[in-house]
Amino acid sequence: MHPIPIRLNLEQEAAVKHPAGPLLIIAGAGTGKTRVITERAAYLLESEPNLKPENVVALTFTERATEEMAARIHARVGDRAAGKVHVHTFHSFALKLLREQPGGEEAVRNTELLDNVDFWILLRRHIERLRLEVFWKNAAPGQFLRDLIEFMSRAHDELVSVEDYESYVEALQLEGDAAAASGLQAADFQEQMKKEREIARVYRVATELLAEAGARTFGDVITAAVRLLRDEGVRRHYQERLRAILVDEFQDTNVAQIELLHLLAGSHRNITVVGDDDQAIYRFRGASFESFNMFAQKFPEFQKVKLTQNYRSTQRILRMSNQLIRVNPDRFDPDKNLWTEKPAGEPVRLFESSEPDDEALALAERIDQLHHAGRPWNHLAVLFRARRHRELLLAALRRRGIPFRVVGISVLGDPQVRDLFSAARFFSWLHDSISCARLLGLRRWNLTEHDCAALSRRTSEQRKAASGRPSLFDVMTDLAADAAHPLNAKVKLFVEWTQAMHKQISGRPAAAFFKALAAELAERQARMGGMPATDSDYHAEEMAPAVRRVVEFVEAWQKKNGEAPLKHFLGYWDLFLEAGGDVPEKEEEQPQDSVRLMTVHAAKGLEFPMVFVLRLTQGSFPTRERPPLLPFPEALRKEGELPLGNIHLQEERRLCYVAMTRAQDELYLSTVVKPRWKRSDFLADLDSNRALASREMEKIVVAPSGEQLDEDAVLDPGRNENDIPTSRLPYWALRNARVLPSEPSHKTLQLSASAMETYSTCPAKYKFAYEYKLAGGPSPALTVGALMHECIREFFAMKKARDTFAFGDLQQFFEGRWRSIGFEDQYQEARYRQNALDQLRRFYDKNLPLPAAVMAQEKGFEFSVGDVTVIGRIDQINELSSTDVELIDYKTGRPRTQKDADHNLQLSVYALACRESLHRHPAQLAFYNLESGEKVVTERSDAQLQLERQKISDVAREIRERRFPPRKNFFCPLCEFLSICPAFEGESPPQ
DNA sequence: GTAGGTGAGGTTTTT
DNA sequence: CCTCACCTAC
């Protein structure tokens with residue numbers, strides 16, 4: 001894209017023609033680094049008669065870079081030689097070494113390489129082996145595993161083995177014991193040691209699990225190669241064979257990789273590394289902030305060559321980028337100043353808005369203008385620090401009809417894909433009512449929102465009446481047999497389809513079924529004149545790109561898993577998602593002439609004529625620092641002293657530098673300044689040279705528009721239902737029509753405390769749960785909670801009858817009522833069960849000796865606040881005096897604090913109910929935390945209760961106005977309505 | 001000044 | 001759920 005000079009410039013030539021020996025090429029952004037490294041390979045081959053192509057190895061980090069380098073070397077040195085030069089990623093090179101050993105071929109062939117997601121799944125499937133204590137969480141057993149994987153990856157990057165870590169922990173213990181002996185023992189030292197010992201233990205067990213599974217992580221591969229090369233014979237062999245080593249993007253290497261290089265080049269020392277210390281942005285995945293220093297240490301005789309002529313950017317862009325990076329105090333090469341022969345160009349423009357919505361609108365407008373002034377869309381790129389920052393801009397681009405492509409966006413938000421997974425789930429588990437509901441929204445059944453709501457409500461009523469748990473599909477099966485019911489015909493159609501599809505699954509491999517399902521959902525058979533869908537005649541080219549990606553994913557899984565059926569795949573899929581797995585769209589599937597949106601990380605190594613950088617605000621860019629749950633101990637780091645400056649901020653600054661130096665012709669920076677949102681420190685860095693800034697930059701203050709962009713506006717609620725080929729349920733959820741026409745709007749609204757709390761967290765969730773009355777499967781936390789309530793009731797019943805009794809009697813009741821449903825696996829169930837039993841025991845021990853003052857348990861109530869009927873049930877009422885009572889709410893799970901109790905709506909509602917319908921004075925309100933066995937007592941004043949009544953009326957009013965917008969929040973990933981939520985229709989799923 | 005309450009906002013990702 | 005910035009109250 002930029003004019004590559006036919007001849008090398010002086011610096012480049014110096015780098016290329018440097019004599020053999022350790023060479024460090026510091027190549028600034030846009031200085032022709034890849035060209036230099038290829039030329040250098042060619043030069044070494046031409047100048048050293050003894051050096052053959054097979055003696056040269058070039059290492060990169062990504063497959064993409066490998067391909068590019070191989071192609072360039074090919075073009076430069078011709079067919080025969082190029083085929084022999086080893087061009088590899090670090091990992092494929094290490095794997096090759098292992099494979100070349102005697103017996104290695106077989107050993108490596110039987111070794112599966114696991115990415116983080118598959119490693120997570122391996123650990124999750126054997127979590128009982130980890131025997132987690134400190135890091136165990138009943139409700140989220142897998143949560144810790146991500147942190148563990150991150151930790152292990154760091155350990156491998158730093159060449160810290162299990163044994164190394166164990167000795168570290170031992171040493172810590174000894175140190176602590178010594179301190180204790182001299183009376184200096186810190187109070188939380190033992191707590192800390194418990195953690196450390198657990199980390200050491202799980203590191204060991206996880207390593208054993210990998211070995212048993214015949215699997216390796218990426219970090220493993222490198223450390224194994226290092227171990228191999230520590231053998232003198234092996235090392236000598238490779239040192240003789242590989243006599244010229246070239247490394248690209250050297251600033252991204254970690255300690256283990258540098259050690260690998262050192263072992264390889266130790267004797268001949270003919271190693272060339274190319275990189276830019278100012279573009280080191282992968283510290284979080286182990287890249288050493290000190291790679292360059294370590295190179296200097298291991299190859300002290302090294303020579304340094306600098307490339308400073310930039311062929312990419314205009315002078316102004318370059319000057320401002322230089323100005324930014326100059327602020328970093330800990331640069332390896334502080335005197336590097338990039339220059340260019342390109343013209344001064346346009347000023348760097350800074351947009352300053354007072355709302356994020358205005359930022360998005362203003363940038364979209366400018367993008368439109370640039371296009372109309374003659375720029376093709378694909379000249380434009382928008383970069384951001386975090387993916388979340390793109391959402392409003394997407395809305396603004398959509399509004400203007402600007403074509404865009406989001407690099408690496410997930411296909412899992414695609415409505416067709418969501419249909420596909422709901423269908424796969426539903427046909428595997430017919431009682432999955434939420435998946436069923438999504439399918440009811442397909443237009444082929446001709447069901448209306450009213451119909452669906454009626455079916456779902458009917459299910460809810462039957463659920464209350466029956467002791468089992470009838471599902472939506474059970475209810476539909478009944479109706480299909482009831483010819484008199486008005487929905488009979490439509491329902492029958494659905495039930496028959498389901499039965500036919502369900503039959504298809506049994507005995508068929510998952511991938512075949514997925515394909516058939518994709519054809520089915522694409523309404524293909526309708527277009528083909530009613531032909532039944534089979535997988536074999538549905539070709540990939542016919543599928544929508546997103547669906548095709550998913551089908552390919554399932555096929556790849558199938559290949560590894562023989563003839564495994566659909567249920568088996570879905571079991572894997574649940575884990576895959578929980579592990580944070582994703583299926584990204586392929587770039588070539590997206591419109592080519594379009595504005596590109598990507599993270600700054602994804603933009604590294606790329607260049608664009610016009611670049612926009614979003615959200616330069618404190619906390620967004622730079623992000624705030626967040627240490628990992630399992631920080632890698634300082635003492636085990638093999639690098640030198642940490643630099644004094646703020647490492648995190650410096651890395652963020654380099655990231656900003658990378659973003660800025662992507663621009664060729666024009667650079668736009670954008671910030672938002674409003675209460676609590678301050679402009680980024682980086683803007684101050686740019687401004688710190690006032691004269692420079694006023695010469696090279698132009699500030700554009702964006703006038704407040706007052707407009708609001710809806711980031712979830714992928715769905716157009718005004719769209720004609722019949723034009724929607726995928727499930728219409730998410731669209732319906734956004735509409736504010738009454739879900740049932742028969743319900744008069746004046747009917748008294750009934751609300752429980754939890755309904756009101758649900759509405760406050762997310763109105764759409766309220767609509768699903770309380771308007772449609774949809775319910776997913778039982779969750780472990782709720783089932784166990786309900787059982788504990790039963791047990792407590794039983795406890796007081798026994799106490800009333802016999803005054804004293806053995807715990808065994810209560811335990812027997814507990815065991816008899818335990819139901820094994822809804823748990824992720826047997827181990828989680830066992831842990832829950834043990835935990836629940838412990839709680840019960842504690843409760844028994846504590847309460848058996850106490851006098852029973854229980855007036856009532858599970859006391860239902862109903863009272864009015866204005867035109868709302870508040871309904872609910874009080875767990876327990878204790879008599880304090882003839883007028884006063886105490887109201888208790890039992891809590892399993894996380895113990896509630898005093899603050900929780902003081903503000904909890906449920907307790908306020910209890911207090912109101914007590915006065916209004918029980919006519920007693922609620923002198924005490926309490927959470928009884930079963931986990932800790934502690935009671936947290938609180939009270940409510942008249943004034944407070946008055947306020948709570950107001951709150952209830954407020955929520956009721958909003959519900960009456962029928963506004964149910966989805967509200968994205970921290971808990972979305974856990975929400976049972978995720979698969980039908982309008983906020984994630986067409987959007988990446990939450991992580 | 002600081003304690004305590006309130007509200008908003010909450011990474012990046014290759015092999 | 002957890003952290004941080006900012007506000008109010010002493």
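Here is how names work: the chains are called A, B, and so on, in the same order as the sequence lines, proteins then strands, and each is numbered from 1.
- Atom name P, nucleotides dT11(B) and dC4(C): the rounded distance is 14 Å, in whole Å.
- Here Phe90(A) lies out of heavy-atom contact (under 4.0 Å) with every strand.
- Between Thr217(A) and dT15(B), a side-chain N or O to OP1/OP2 separation shorter than 4.0 Å is absent.
- The aromatic ring of Phe284(A) is stacked on the base of dT12(B), with the two ring centres less than 5.5 Å apart and the planes inclined by under 30°.
- When rounded to the nearest whole Å, the span between CD of Gln143(A) and P of dC2(C) equals 10 Å.
- We find that CG of Asp902(A) is positioned 13 Å from P of dG4(B), with the value rounded to whole Å.
- The CZ atom of Arg624(A) sits 13 Å away from the P atom of dT12(B) (whole-angstrom rounding).
- Taking 4.0 angstrom as the limit, Arg894(A) places a side-chain polar atom (N or O) nearer than this to OP1 or OP2 of dC1(C).
- Within the shown strands, dT2(B) is the pairing partner of dA9(C) under the Watson-Crick or G-U definition, both distances less than 3.5 Å.
- Residues Thr60(A) and Thr66(A) bring a donor and an acceptor atom of their side chains to less than 3.5 Å of each other.
- Residue His389(A) contributes atom NE2, which lies 9 Å from atom C1' of dT11(B) at whole-angstrom precision.
- In this structure, the CG atom of Leu383(A) is 18 Å from the P atom of dT11(B), given to the nearest Å.
- When atom types are taken as modelled, the side chain of Asn328(A) and the backbone of Gln650(A) share a donor-acceptor pair closer than 3.5 angstrom.
- Put simply, Arg626(A) has no side-chain N or O that comes within less than 4.0 Å of OP1 or OP2 on dT3(C).
- Distance Asp248(A) CG to dT15(B) P: 14 Å, rounded to the nearest Å.
- Atom CD of Glu625(A) and atom P of dT12(B) are 16 Å apart (whole Å).
- Checking dT12(B), dC1(C), dT15(B) against every side-chain atom of His601(A), the shortest atom distance belongs to dT12(B).
- At the heavy-atom level, Thr623(A) lies under 4.0 Å from base atoms of the strands shown.
- There is a side-chain donor-acceptor pair under 3.5 Å between Ser92(A) and Thr89(A).
- A salt bridge links Lys604(A) to Glu249(A): one of the charged nitrogens lies within less than 4.0 Å of a carboxylate oxygen.
- For Glu63(A), counting side-chain heavy atoms from C-beta on, the closest listed nucleotide (dT15(B), dT11(B), dT13(B)) is dT15(B).
- Proximity note for Phe970(A) (side chain, C-beta onward) versus dT11(B), dC1(C), dT15(B): the nearest is dC1(C).
- Closest to the side chain of Thr599(A), from the set dT13(B), dT15(B), dT3(C), is dT13(B).
- There is no side-chain donor-acceptor pair under 3.5 Å between Asp118(A) and Trp120(A).
- Atom-to-atom, NE2 of His903(A) to C1' of dT6(B) comes out at 10 Å; the value is rounded to the nearest Å.
- Distance from the side chain of Asn116(A) is smallest to dT15(B) among dC1(C), dC4(C), dT15(B).
- Sequence order on DNA chain B of the closest nucleotides to Thr62(A) and Lys674(A) puts Lys674(A) first from the 5' end.
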Open item on the list: I need a per-nucleotide contact map over nucleotides 5-10 of chain C, read 5' to 3'. Cutoff is protein heavy atoms under 4.0 Å; write B for the base, S for backbone only, - otherwise.
Closed with: BS----
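- Inspection of the Ser908(A) and Glu948(A) side chains reveals an N or O donor paired with an N or O acceptor under 3.5 Å.
- Remark: the Thr34(A) side chain and the Glu68(A) side chain contain no N/O donor-acceptor pair separated by less than 3.5 Å.
- Taking only side-chain atoms of Asp115(A), from C-beta outward, the nucleotide of dT15(B), dT13(B), dT11(B) with the closest atom is dT15(B).
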- [ ] Start with the C-alpha gap between His601(A) and Tyr282(A), add the side-chain angles, then the distance that decides, and say whether ring pair (Phe, Tyr, Trp, His ring centres under 6.0 Å) holds.
- [x] CA-CA 9 Å; His601(A) 282 93; Tyr282(A) 284 114; 5.3 Å; yes
